[in-house]
Amino acid sequence: MKHYTAKAHTNIALLKYWGKADSELIIPTTSSISLTLNEFYTQTTVWFDSTLDQDRVVLDGILLSTKASTKVVHLLNLVRQLSGLTSYAHVESHNHVPTAAGLASSASAFAALAGAASRASGLTLSRQDLSRLARRGSGSASRSIFGGFAQWERGHSDLTSFAKPIMEEVTWPIQLVTVLINDQPKKVSSRTGMQLAQTSAPGYQQWVADTNAANSAALTAIFNQDLATLGCLAEENALAMHALNPTATPPFTYLTTQSWAVIRLAQTLRNNKGIPVYATMDAGPNVKLISQPHDTSVIMQALHQILPNVQTQIATPGPGINIVEGDTI
Ligand code: ADP
Ligand code: DP6
Ligand code: CO
């Protein structure tokens with residue numbers, strides 16, 4: 001069987017997905033808006049093999065256990081259903097992003113897997129259908145099919161819940177300074193964290209209403225290249241999402257003392273120096289500073305004053321999924 005390799009980039013949500021209206025189909029409670037990143041990605045090769053007696057998933061050179069490959073096998077089962085193929089598959093994946101650290105590895109991973117597996121099975125899906133398929137592996141992956149800014153409209157069914165491009169070529173100066181506080185796997189996965197918040201945090205419904213309402217304002221800010229409005233909306237949304245988690249039963253948080261120091265730094269740089277810099281965090285302690293390339297050196301200097309040894313990486317807008325036929329990587 002032919003090998004297909006797909007490269008998909010991670011995306012960071014500016015307005016977040018944090019809860020499911022349907023957990024089997026992964027229909028979210030909120031529409032979300034993201035920026036796909038050039039510097040972080042997953043590359044995955046898939047080929048079906050009639051001699052296998054189960055799917056074989058290798059991540060960064062390590063053969064995954066049955067338990068660790070559950071989500072991958074789930075997506076492969078969907079591909080088999082769609083294509084009519086019955087054989088098992090080889091999956092070889094490389095993450096160019098820390099795995100399970102709140103830097104959206106599941107977004108690039110399941111977008112790349114959906115792309116490579118569907119093509120290897122003989123399917124040629126539209127980008128909309130690819131987004132729907134990727135969504136079934138990990139919700140945030142629906143947005144990684146597209147480059148630049150994308151919106152995942154929550155929809156109300158398998159057919160109506162998919163991401164679409166808002167602005168794939170980003171020509172205005174926007175970047176995320178990624179502050180690496182801890183690149184180790186988190187203790188509470190995104191899947192578990194959002195379920196806890198949704199089922200037990202008292203403010204959850206209000207957060208859903210606010211997030212859905214903020215979508216149109218964020219779209220306008222993107223079209224107007226209005227970093228200040230977009231940044232404020234994003235920071236507010238992330239802080240509100242992270243405020244839910246300690247009020248859940250049992251309570252939990254992804255943010256550490258160092259995360260809070262970086263969040264405060266963004267607020268101080270804005271208030272005292274008038275620099276447009278805004279913080280956002282996903283399900284992990286690492287903070288991304290939404291900012292302009294022009295302000296990089298001031299931001300880096302200020303960061304290293306408070307956290308002298310902290311690692312950073314600049315992330316810029318990146319492309320959508322790319323799928324090629326060829327050899328294993
Ligand atoms: P993240 O913040 O990195 O998206 P999640 O908790 O959403 O964290 O997802 C992490 C999980 O995604 C991992 O534990 C693993 O099951 C899966 N994953 C990440 N990268 C890959 C990959 N390249 N191939 C298969 N599964 C992956
Ligand atoms: C905080 O897409 O990783 O990054 O659908 O259960 O796999 P599952 O969760 P996932 O959740 C992402 C949560 C987030 C916000 C976002 O990316 O929108
Ligand atoms: Co994830």
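The heavy-atom pair separating R143 from A150 by the smallest distance is O-CB, 4.0 Å.
More than 12 heavy atoms of other residues, nucleotides or ligands shown are found within 6.0 angstrom of NE2 on H304.
A donor and an acceptor atom, one from each side chain of T30 and T211, are nowhere located under 3.5 Å apart. Counted by atom type alone, T256 and S259 present one or more donor-acceptor pairs between their side chains at under 3.5 Å. Y204 and T29 share a donor-acceptor pair across their side chains, judged by distance under 3.5 Å alone. Residues S50 and S87 bring no donor and acceptor atom of their side chains to less than 3.5 Å of each other. Defined by atom type and a distance below 3.5 Å, a donor-acceptor pair is missing between the side-chain atoms of N95 and S108.
Below 30°, between 30° and 60°, or above 60°: for Y254 and W18 the angle between ring planes is above 60°, a perpendicular geometry. A parallel orientation is assigned to the rings of H96 and Y41, their planes being inclined by less than 30° (bins at 30° and 60°).
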Run the side-chain donor-acceptor check on residues 284-292: report pairs under 3.5 Å with partners two or more places apart or on a different chain.
{"from": "N286", "atom 1": "OD1", "to": "I181", "atom 2": "N", "distance (Å)": "2.6"}
{"from": "N286", "atom 1": "OD1", "to": "N182", "atom 2": "N", "distance (Å)": "2.9"}
{"from": "N286", "atom 1": "ND2", "to": "A101", "atom 2": "O", "distance (Å)": "2.9"}
{"from": "N286", "atom 1": "ND2", "to": "N182", "atom 2": "O", "distance (Å)": "3.0"}
{"from": "K288", "atom 1": "NZ", "to": "G102", "atom 2": "O", "distance (Å)": "2.9"}
{"from": "K288", "atom 1": "NZ", "to": "D282", "atom 2": "OD2", "distance (Å)": "3.4"}
{"from": "S291", "atom 1": "OG", "to": "Q175", "atom 2": "NE2", "distance (Å)": "3.3"}
{"from": "S291", "atom 1": "OG", "to": "L289", "atom 2": "O", "distance (Å)": "3.3"}
{"from": "Q292", "atom 1": "NE2", "to": "D295", "atom 2": "OD2", "distance (Å)": "3.0"}

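The hydrophobic cluster containing V58 also includes L63, under a criterion of side-chain heavy atoms closer than 4.5 Å among ILVMFWY residues, counted directly or through chains of members.
With sequence neighbours left out, E168 forms a salt bridge (Lys or Arg N to Asp or Glu O under 4.0 Å) with R127. Taking T229 as the reference, D226 meet the side chain to side chain donor-acceptor pair (under 3.5 Å) condition, with sequence neighbours excluded. By the salt bridge (Lys or Arg N to Asp or Glu O under 4.0 Å) test, R154 is found to be paired with no residue, residues two or more places apart in sequence or in another chain being considered. Residues satisfying the salt bridge (Lys or Arg N to Asp or Glu O under 4.0 Å) test with R80, not counting sequence neighbours, are D55.
Using a 4.5 Å heavy-atom cutoff, the side chains of L133 and L78 are in contact.
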